[in-house]
Every structure is written in structure tokens, then in C-alpha cells.
S.K.: 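Structure provided below as C-alpha cells; questions to follow.
Throughout, a chain's letter reflects where its sequence line sits, starting with A, and its residues are numbered from 1. These numbers come from a predicted model, not from an experiment.
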Number of protein chains: 2
Amino acid sequence: MAPVAPASSLALPRAERVTLNGVAYDGLKRALLSGRLEPGAVITLRQLADELGTSMMPVREAVSRLAAEGALAVQPNRGIVVPALGDGDAADLWDLRIKLEGDASARAARRADTAGIERLRALCRAVETAAAAGDLHRVLACNSDFQFAVYQAAQSPVLLQLIETLRMRSVPHCTAAIRVLLADRPPYYARSWVNHAALVEAIAAGDAPAARRLKQADLREFRDFVDSVRKQAS
Amino acid sequence: MAPVAPASSLALPRAERVTLNGVAYDGLKRALLSGRLEPGAVITLRQLADELGTSMMPVREAVSRLAAEGALAVQPNRGIVVPALGDGDAADLWDLRIKLEGDASARAARRADTAGIERLRALCRAVETAAAAGDLHRVLACNSDFQFAVYQAAQSPVLLQLIETLRMRSVPHCTAAIRVLLADRPPYYARSWVNHAALVEAIAAGDAPAARRLKQADLREFRDFVDSVRKQAS
DNA sequence: TATAGTTAGCTGTGATCACAGATGTCAACG
DNA sequence: CGTTGACATCTGTGATCACAGCTAACTATA
């Protein structure tokens, strides 16, 4: 027993050690989720290791982890590649994303606390101001943050992890369409930002069915846009 | 160009190289899915490496992969542990399992081919004969094979992978209850096998809603059994 | 005897080296 | 000129070694 009472119990946050392995994993994960890696892009363990300034070892484990989740594919003696999705896999991914991200939105409406809702409102405003300024790159970044904030508000780590896994596989499949979005600025997509505001209000009001419906409609619209761009390109 | 036509195109199955890394991964995965590893069990990289007769390296990557999926947890200098689920995570896992495994069952009813249905019937009979013989260990093994055969019949690799991930985290949480099942043989669980037959018939008939309903009822029953055993133990 | 300080033995993490296999280049041969 | 062969190069895979950190047992002290 300590002779004195623990100094206000301190509540120190676990002091989690940073590991190069984890740094490499997070970096690759962010690159995938933000659309910086396109399907077919080949990368190399040694190249990534040089980029991080470490040896090949931490990168290996990070790549192995991503490969286990299907986000990357290692080809025995030919490098690491971001897998291109077949039509079947792409459809499956969209179906599951629509289902699970809809679930997460509905769940957020049921379980979000006031801090989470405030955070959502702030991120929603950030998206709107970026859109007003015409900075589409920042719109996309804030938009991604906003969406994950919704899923975090659902307070289900398991569900959040599944959504991240699905997105890591799905986002590269959408990069070509996003590039078209940045270049041509089709008029339809401006509506998406007002959809976000409606989603936030549904969550704040605790209206789970509306939150699910709004998120799923948004996702289906985006899916159709991606598919139309891909069809046009082929 | 080859001087002769490719001999009936061969369709060689990619000649996939076996890698010690993959062997270790599959072994650990099977151990988790079959319930041979319980929460709190600590294992060691060197111990696993000795068991496989290899160096520590392949085991490291396999463990990293499982850790990325949440099936194992590495503690910096204290070994690898099968994580014990908190109440919240356990409830989340059950909800997602009920949802996704129900989806997969419904999808199997829609997309199963005759070969898949025949395989399901055979595995269902295998469960019944094992149950008639009183060999509960074999019942559990055949039961697991049967369930995964259903999910494979859904013909969605993405969905199958998600279900495997969820199960790897969920099964260790159920081992204590399964041990009770093997020892006490409570009467209720005999009904589960006839439920299986009904599920197969629903799939064969293409009745997706019925397939979903049967699978979800089965899972909820099992969840309640596991929870009752855990509550009784504490 | 009880407690604090120390040390020895584990652990995972990271680096470095060695190796088999696939690829693409280039020269020699038809 | 077209084809085939060998070779240099680069890939991931696996092994071995070195190291920092945490545990737990042990010892010396009050």
C-alpha cells in the first residue's frame, strides 16, 4: 500500500508506446482512406522503408496487416499492389458499406452525446465554409472527418473498425471518380453538403430512421456517380 | 505467342506458393475459430515458433495480422494475449454477428447453386449423425463447417471475411459456455440441429426472409445461453 | 519479520544479412 | 529481322542478432 493517497488518481492515459510498426500502419491507412493510393499502384517494402527512414521490418508488418484486411495485396516477388476490385467485389463492398454505415448513422442518432453532436456541427460548418471558398480538396478532407465523426458518435468500436476496413478497400476504387469531381465540379454533388446538415439534425433529434435513410441515400448517390464515371471511362 | 494452343487453357489455380507466414496465420485462425484459445490465454512468439519449427519471423507477421483484426492483442513486453471482451464490445459483436450472419443466410437463399445446397444437406446430415452418436465434439466441428458453408454459399467474399473477423473475436468469448454445453448437455440445444435442417430447406427453397429469421433466432438463442452461463459464473 | 532495492530472465521490436524466384534487358543465333 | 537464351537486378521471405522494457524473484536493510 502507498503511504499516501494517490495524488488525485492522476488518470494518466496509458502512456501507450509508439512503435514504428504502428506509425507505418497508420500512415498507409491514412493514405488509403484519403485516396492517395490508386488501384494498380505498386509500392515496395524498401521504398516505403526509405520513405519512413527505418528498416524494412516495421513496414513489413504494417503491409501484412493491411493485406490481411484486403486493403493491399502482396505479390510474392513483384511488389505490393493496391488491388483493383472486380465488379462482384465492388458491388459487395457498396452493399455492405450502405448497410453498415447506415447502421452506424442510426446508432449515432440513438447514442450520441452532446459533445459528439457539437463536434458534428463544427465539422459540418467546416465543410460548408470550405465549399463556399471553393476549396474542394479541403472539402473532401473535412467531409471524410465529418463522416468518421458520425461513426465515432455511434460509440461502437467494433462497427467503426468494420467500416474502416470496408472503406480502405472501397476508397481506392473511387479515386478516379473523385478526380473527375475535383476537375469538372458537377453540379449534383453540391447537394451532398446540405444532406450533411440534415443528417446532423436527425442525429441531434435522435431520429434514427431518418439518419439511416439520409446516409444511405447519400451513399447510393455517390455509388451511382462512381459507377457512371467508371462506365464512361471504359 | 506459343506455337501450340494452350492445352484447354488449363485454368491452373495460380500455383499459390505456401509461405510459413500463411501457415502460421491459418493455424492461429483455426485455433481461434474452433475455440481452442480462451480469453486471457497468453502465448509467446518464441513458443509458437518452436511449435511450428520455424524462426520467430513468420509467427510475428501472423500475430500482427490477427492483432490488426482484433483477434489477438500484443502487450509490449508481456506476451500475446487473447483479449477478454468488455460487456459493451461483447454486445456490439453479437449485434453485428446477428445482422451480418442473418444477411449472409438470406443471401445464400438467393444465390446458392445446386452444388452448394447439396453440400449444405450433406453437412447437415453429418451434424445429425454425430448428434445421434452422442459425439458432441464432432457435432461442434461439423456445426462450424455447416455454418461457414452457408456463408460461402452466399457467394460474397467480402461478407465472408467480415463474418470470419467477427467470429474470431466472438468465439473465445463463448468457450466457457461451450465447455458447459459439452459437460452438462442441457436439453435446449438439441433443437438447434433441427433448426439447421429448416435453414437448409429455406435456402433450397430460395426463401430469403425465412433463412434470415431462422439464423438470427438461432444466434440469439445461443447468445442468451452464453450470457446466462457467464452470469452464472460471476 | 516486513519492506525496499536490485538483479536476472523473460518479452516484443527493430536491424542486418542471406536466399529463392520473377522480370526485363540484351546479345547471340536462326 | 524475329526468336530464344542467359544474366543482372529487384522483389518478398526467412533467419539471426542486438536491444530496451517489464516481471518477478531474491537479497539486504530497518
S.K.: With sequence neighbours excluded, tell me which residues meet side-chain hydrogen bond (donor to acceptor under 3.5 Å, both in side chains) with Glu118(A).
M.R.: none
S.K.: Tell me, which pairs form a salt bridge (charged side-chain N to carboxylate O under 4.0 Å, His left out) where one or both residues lie in residues 136-147 of chain B, sequence neighbours left out?
M.R.: Asp135(B)-Arg138(B)
S.K.: Run the salt bridge (Lys or Arg N to Asp or Glu O under 4.0 Å) test against Asp92(B) and tell me which residues pass, sequence neighbours left out.
M.R.: Arg107(A)
S.K.: According to side-chain hydrogen bond (donor to acceptor under 3.5 Å, both in side chains), who are the partners of Arg36(A), at least two apart in sequence or on a separate chain?
M.R.: Ser34(A)
S.K.: Please list all pairs meeting salt bridge (charged side-chain N to carboxylate O under 4.0 Å, His left out) that have one or both residues in residues 158-176 of chain B, counting only residues at least two apart or in different chains.
M.R.: Lys29(B)-Glu164(B), Glu101(B)-Arg167(B)
S.K.: Generate the contact string for nucleotides 11-25 of chain C. Rules: B means base contact, S means sugar-phosphate contact only, - means no protein heavy atom under 4.0 Å.
M.R.: BBBBBB---BBSS--
